[in-house]
Each structure stands twice: as structure tokens, then as C-alpha cells.
**Student:** 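Attaching a single structure in C-alpha cells format; questions to follow.
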Amino acid sequence: MAKTPFTPSRRQLLAMIGQVAGAGAMYQAMTSLGFAAESGYRGEIDLQGPRQQRRVLILGAGVAGMLAAYELRRAGYTVKILEYQDRIGGRCLTLRGGDRYTEMGGHEIACDFEGDGYFNPGPWRLPIHHRAVFDYCQKLGVPMQPFINKNNKAYLHSTNAFGGQPQRIGHVEKDMRGHVSELLAKSLNQGGLDEAVSIEDREKLLEGLKEWGVLDSDYGYRVSNDLGEVRGWDIRPGGGLMAEKKPSHPIDLSPLLHSGLWEQLFNFHGYRFEPPMFEPVGGMDRISDAFAREVADVIQLNARVTTIAQSDDGVTVTYEDGGRGGTIRQESADWCICTIPLSVLAQLDVDCSDAMRKAIAAVPYASAFKVALEFRRRFWEQDDWIMGGISYTDLPLVQIAYPNYGFLSEGPAVLQAAYDTATAGRNFTYSWSTMTPQERIDAALVLGRHIHPQYDAEFMSGTSWVWHRVDWSLGCYGEWTDDLRDVHYETLCEIDNRLVLAGEHCSHIPAWLEGSLLSALDAIRRLDARENA
Amino acid sequence: MLTRPLLAVVALLLLTTGSQAQQDGGSSGVTDIDRLLDRFSEDSEKFTQTEGGALYRTTCQACHMADGQGDAGAGAHPPLADNPKMNSKHFIAGVILTGYHGMPGFSDMLSDEQVAAVTNYVRTHFGNSYPDPITPEQVEALRPPKDAN
């Protein structure tokens, strides 16, 4: 019988490296895999501007296209944007009560939220080192609020561990630290590391481990009032004649190791997910709206591009006015910046080099989905003391994210009740994507009640998003591999005569807003240089 | 690593879905939600369904839809019905393994047997009735060579 050779997923590989060589080596490997890349933002762009009247036609009114229009116009270029949808913002969008969207296959996604909760189907959190995003938010007046990515009170959950009872993130983290400290201290005391550390270092290390891991005088990780101060209490210290405090009990090492919860902690380790993260106040589309305030007057909606033709001194773009099958019209310009996702662009008639055409056709688009549910009350805050953050589980819903706004308010609130992408190496996202909008809500409810049994009593309505059922992106983001980048990336980003591509797919930070902004900035910088060469 | 049998969950869900069905006025019965959850594989890193139709419903259906008709807007997911490309079993199995344009490949998540099963399924459904099934051995031969290291 045919056997598939073992090729570890990136996730498996990282976990293996982490187990064998430690967190430092794992982080290094993450950097090599492009998980932890730095932003290449170099501050405000300084374009020379055209020496004569120049027209730039931009395809796509997402943040990359709108940023290009905004900066090029400031520099003196004449700009126009053609957008397929009847809305601006591309994948940077927010759903609120009353919104409707018909996805591919003909099903309508309804969002019937009654409260002020909202749902970001695409980008939803901003790492602080994504400097371009923050700079433009500041410039365009988009207020920010903290996004709680890691909340020690949120849960880690494994179906087959601890009787299916979710465990607090802080408990898992502190217990792992305590147990590892105890083992390390034991090994140091038994001389097991004499070759690796000097006697002076050994004493320093032992002293530090006692503090760091909260070990007792015998270097044991055991229940104590000291541990209570770090890990929390079964009976919290109270006032007056309330009951005497009682420290909480650590989880034993072996069940913890076998539970898989330690591995779920790695969701918070990446540089990108370091606290504090941020989000725009009121929804992610505040960012696209801010760009739209600047450039809405040059955007033409409902224009479906079919053909991009070039000559030595210009481009002609043919489009259907009113969508597929609409009136055929043309626009000409000196330059074209195309931000159409490669998944769609590969199906259009694009006049460019063979190498670029191959690059456009080479990049698969990743599967990703989300489900959001509105509940009558904030039971996660009121009953579980979870104020913001994310719980992780090995159930196919993968994670539940709590709102980072409206804390303790009465009335309905929205959870992001299921989310995953193909990048994580799990297959669940494909299966969610096969479901109808109603089926996704049913599945999210049935699975989620294992973590929050209050689901049944408090559920009001749900909505969802499946990126492979979005006809203007046919997937979520460019799913690059190192091999694909070696062959195609530079070609894809090069100016091809009068055409240059931009968007998250033309970046080393796929799927992130920062990637699309950096790509657009780099494209217009090179275009401007070419214009002035 | 991530191999976590969902059977226990499914069993628990079965106990609870009855009441939900009642709340819903009986619109979604036990078997419906059970069938729905069956689309999730027991292993998050490999699809665990073996039958072609089950594999189709947990992967391909996302884009090519339940009726195999695909859909079109700005871009299109091509139909699997009335599509001359279906003529070649090698082409279809190859696309499933390595992807095509924006479509991701599934070579890491599907065995040769599974690729053969789903290839044969789509070539004998949605109005297709191609008489030449592909074998797992033929699928194996289509896999791109792996680096020795």
C-alpha cells in the first residue's frame, strides 16, 4: 500500500523544535518560517511627484489601493480607483446588526445583532510593531483601544483532559513554570548540569528558580501561601470575619503534559501576539472608513475588471460596469496599480510577462472562517470572570474571543465564537467552509457549550464568514511557502512595464494590514522613482 | 500531538442535541447535527473520512458547492459538472494534490486512497459518469517528489 512520507506541518515542526531545543530555538525557527518578521516601515513616504500630468488607475478599494491613491494624489498624481464591490474596504470589514451579505453559493449571511456588538471577519487585532498601520491611524484620526490577546483568566480546553473542564491560562502557565523549575533545580542539585553551568552560576540559578517557579525550601513546587500569591486561591483573602484564605492547588505535571494545554499556550508566544495589542475603537472598518474619507471621491464602485492591457506608455483596463455581465467600459492611465487578490487576478486577462503571469497563478489562497454569536448577557464576565482575551480548545471551533469593549455592561454582547486559518495546519477551517451559514451557527453552539454551558440559555443570534465563499477574494490571503517565494515573489512585486501589483500578497506579512500597507508604499515609491528616472 | 478523538465529544453532543432540536421546534434533529459534526476530522492534521462523498462534503464543497456547480462573481469557483477538464482523472487527482491557481493543494492532508476516492466521486457525480476510476497507486505516482532531506 502506498504510504505518505512524513512531512511535518510547520506547527508540528515548531512544537518539535520547542520540545527538543527550547523556546529560544523555536522562536528562531518561527522567524525563519516568517511567523515573526519585523515590519519594514520606514516612516512617512516622500514621493517626488510627476513632472507632468500623470494618471494612475488603481484596481481595488481595499486599504492597499486607498493608501496608494491617498499618497499618490498628495504627491500630485491624478488617481482613480475601480472597485468591484458596492462597498469600500476590501477584507478590512466589520459586520453589525442589520448587515446582509450574499456569499458564493447563494446563501445570505444575516447579522441580526441587537446590541452594539460587532464582528470583524478579517483583520481584528494589531501588533504594536506594525508601525505603518499605527502611523496612518494616527494621521487619519482612528482612535485605538487595547486588544486583550492574552487574559490569564481565559481558558485552555482539551476534550480529553481534566474531564473536559477548561483550565485557566494563568494556572497552566504558572504550573508549567513551577514544574519545570522544580525539575531544573533537581537536576542542578544532583549535579546533572555540572558540565553546563559553573558552581557560581548554579547557585544563582537555584536562587532564581526558587523565586521564578515559586519553589519551597526543598525546591519543590507545592501548594503554599506563597504560591497562592502567584497562582491564586481556593478561598481568596477577604475582609472582616470572612473565611481564612486557602491557596489553590497546582495541577500535576504528568496530566498537564498529556493534556495538550501546554501546547495551546504557544498561541500567545509569537512576537506578533505580544501584549499590548490594539484595535480601532468601534470595529476594524474604522480604518478602511478613515482611508475612504480621504479618497472616496475617486472611487468607482460596482466595476468588475476583466482585462488589463498595456502599451509602452500606458494601460487600458476593461471593466463591466454593474458587475459580471454589466456594460463594458474602459479606463486608460499612465500607470496601473492592481491590488486584486491573485486568486481572482489569475482568472482575468492580464497583459504582463510570462513570469509574472506564472507568479500570479502560483499562490494558493488560504482557507479561513469565523463565527460570531450574540448572547443576552456577558456570562463570561459575570460568571467566569473573563474580561476580554481568548480561550483556546482542541474542539474544531479552535478559539473563543471575548469582546474588549463594553465591559460589565448590561444587555447583549457578541463573542467571536469560532475562528481558524489554514496557516495553523489544522483542517477544521475547510470543513467549516463547507457549511451553510445556519449550519455554522449550529456547530458553533453545539461545540461551544462545552466551554460555556451558558450558551443554551443565553443565545440570541449568530453570523459568520467563510473567506472561500467570497467572490472577490476566493480565499483569505496568499498562502506563500518558502519554495514559492524563491521562484515567484520578486517577479510578482516588480513593475511590469506600466503595471505594478500591491496588497498583502505582495508582502512578507501575508494576511496582515501592515503587509498590504507596506506593499502599497513600496509599489508607489518605485513607481514614483520610475516616473522620475 | 493533535490527534484528539472527537468521538467522546460527539457522544456528549448526541445527549444534548435532542433538547436543542426541541427548542428549535424540531427543525434540526439529532441526525442532522451529528452528520454536520461528522464533517470535522478526528485528526486535525489529516482528514479521517475515507469515502469519496464524505471527503467531498468536508473539503471540496466549500468552493464547488453541494451540487458541484461552483459559483461566479468577481472571480469564480469552477463547476465540476459539464466541465471538460473532468475528462482526465490524472488532472483532477493532480489538482487535488498540488492545487491550481488560488486553490490550495491537499497532498499533506489526504492519503493516496483518499485522493483516489474523492477523484472518483467527483467524476461519477453531478452528472458526470466517467468509467475510468483512478487507483491509489496511480495517485502516488502523481505526488511531487520530496526532497531527500
Side-chain angles (χ1 to χ4, degrees), chain A residues 1-2 4-5 7 9 11-12 15 84-85 104-106 158-160 164 260 263 304-305 323-324 340-348 361 363-367 394-396 422 425-428 430-431 433-435 439 442-443 445-447 449-450 456 466 468-469 471-475 479, chain B residues 1-2 4-6 8-9 12-13 16-17 19-20 23-24 28 32-33 36-37 39-41 43-47 56-63 65-67 69-77 99-113 136-137 139-141 143 146:
Chain A
M1 271 293 131
T4 317
T7 44
S9 69
R11 186 185 167 82
Q12 282 176 316
Y84 166 75
Q85 294 183 76
M104 295 182 89
S158 174
T159 312
N160 295 320
E263 185 186 304
R304 178 180 176 263
V305 170
R324 194 177 273 261
I340 297 172
L342 300 179
S343 47
V344 176
L345 194 60
Q347 299 179 353
L348 307 185
V363 185
Y365 265 53
S367 173
D394 64 349
L395 290 167
R426 286 175 289 259
N427 56 28
F428 297 139
Y430 297 106
S431 306
S433 300
T434 65
M435 296 179 183
E439 287 172 338
D442 291 345
L445 278 173
V446 164
L447 294 169
R449 67 157 70 103
H450 288 271
D456 291 336
V466 164
H468 263 124
R469 290 197 171 175
D471 67 313
W472 38 270
S473 68
L474 302 180
E479 205 174 1
Chain B
M1 281 238 331
L2 284 174
R4 285 158 197 155
L6 285 170
V9 191
L12 277 170
L13 299 174
T16 46
T17 44
S19 61
Q20 205 219 349
Q23 282 166 15
D24 292 347
S28 58
D32 283 349
I33 196 78
L36 191 61
L37 294 173
R39 290 196 204 160
F40 296 119
S41 292
D43 180 344
S44 68
E45 296 185 350
K46 305 265 179 203
F47 287 102
Y56 182 86
R57 284 186 292 277
T58 198
T59 52
C60 324
Q61 176 171 302
C63 298
M65 305 299 163
D67 57 5
Q69 293 294 326
D71 201 1
H77 292 311
Y100 187 75
H101 289 178
M103 172 180 159
F106 290 87
S107 62
D108 291 343
M109 289 190 169
L110 294 175
S111 68
D112 297 332
E113 289 77 6
E137 290 71 24
V139 172
E140 188 190 12
R143 283 190 187 265
K146 299 275 182 195

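A, B, ... follow the sequence lines: proteins, then strands. Residue 1 opens every chain. The figures here come from the full heavy-atom set of this structure, side chains too, leaving out hydrogens, waters and symmetry mates. Keep in mind that this is a model prediction, so the values were computed, not measured.
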**Student:** What heavy-atom pair brings A62(B) and Y430(A) nearest, and what distance separates the two atoms?
**Tutor:** CB-O, 4.2 Å
**Student:** Which atoms form the tightest heavy-atom contact between A72(B) and M104(A), and what is the distance?
**Tutor:** N-CE, 4.1 Å
**Student:** Looking only at heavy atoms and a cut-off of under 4.5 Å, which of G475(A), S343(A), A422(A), A361(A) has the most pairs with chain B?
**Tutor:** A361(A)
**Student:** Looking at F40(B) and A443(A), what are the two nearest heavy atoms and their distance?
**Tutor:** CE1-CB, 4.5 Å
**Student:** I'd like to verify something: which residue of G164(A), G106(A), A346(A), P341(A) has the highest number of heavy-atom pairs under 4.5 Å with chain B?
**Tutor:** A346(A)
**Student:** For the residue pair R324(A) and A74(B), what are the closest heavy atoms and their distance?
**Tutor:** NH2-O, 3.8 Å
**Student:** Specify the closest pair of heavy atoms between P104(B) and Y365(A), including all atoms of both residues, with the distance to one decimal.
**Tutor:** CG-O, 3.5 Å
**Student:** Starting at CG of L37(B), measure out to CE of M435(A) and round the result to the nearest 0.5 Å.
**Tutor:** 6.5 Å
**Student:** For L342(A), is it the side chain, the backbone, both, or neither that has a heavy atom closer than 4.5 Å to a heavy atom of chain B?
**Tutor:** neither
**Student:** Out of D471(A), I340(A), N427(A), V466(A), which one racks up the most heavy-atom pairs below 4.5 Å with chain B?
**Tutor:** N427(A)
**Student:** For A66(B), is it the side chain, the backbone, both, or neither that has a heavy atom closer than 4.5 Å to a heavy atom of chain A?
**Tutor:** neither
**Student:** Does any heavy atom of chain A fall under 4.5 Å from the side chain of M109(B), the backbone, both, or neither of them?
**Tutor:** side chain
**Student:** Is a side-chain donor or acceptor of H77(B) paired with a backbone partner of G105(A) at a separation under 3.5 angstrom?
**Tutor:** no
**Student:** I need the single residue from R57(B), R39(B), Q61(B) that forms a side chain to side chain donor-acceptor pair (under 3.5 Å) with T434(A). Which is it?
**Tutor:** R39(B)
**Student:** Considering only heavy atoms and a distance below 4.5 Å, find which of Q85(A), R469(A), E479(A) pairs most often with chain B.
**Tutor:** R469(A)
**Student:** If I take atom CG from residue D394(A) and atom OG from residue S44(B), how far apart are they, to the nearest 0.5 angstrom?
**Tutor:** 8.5 Å
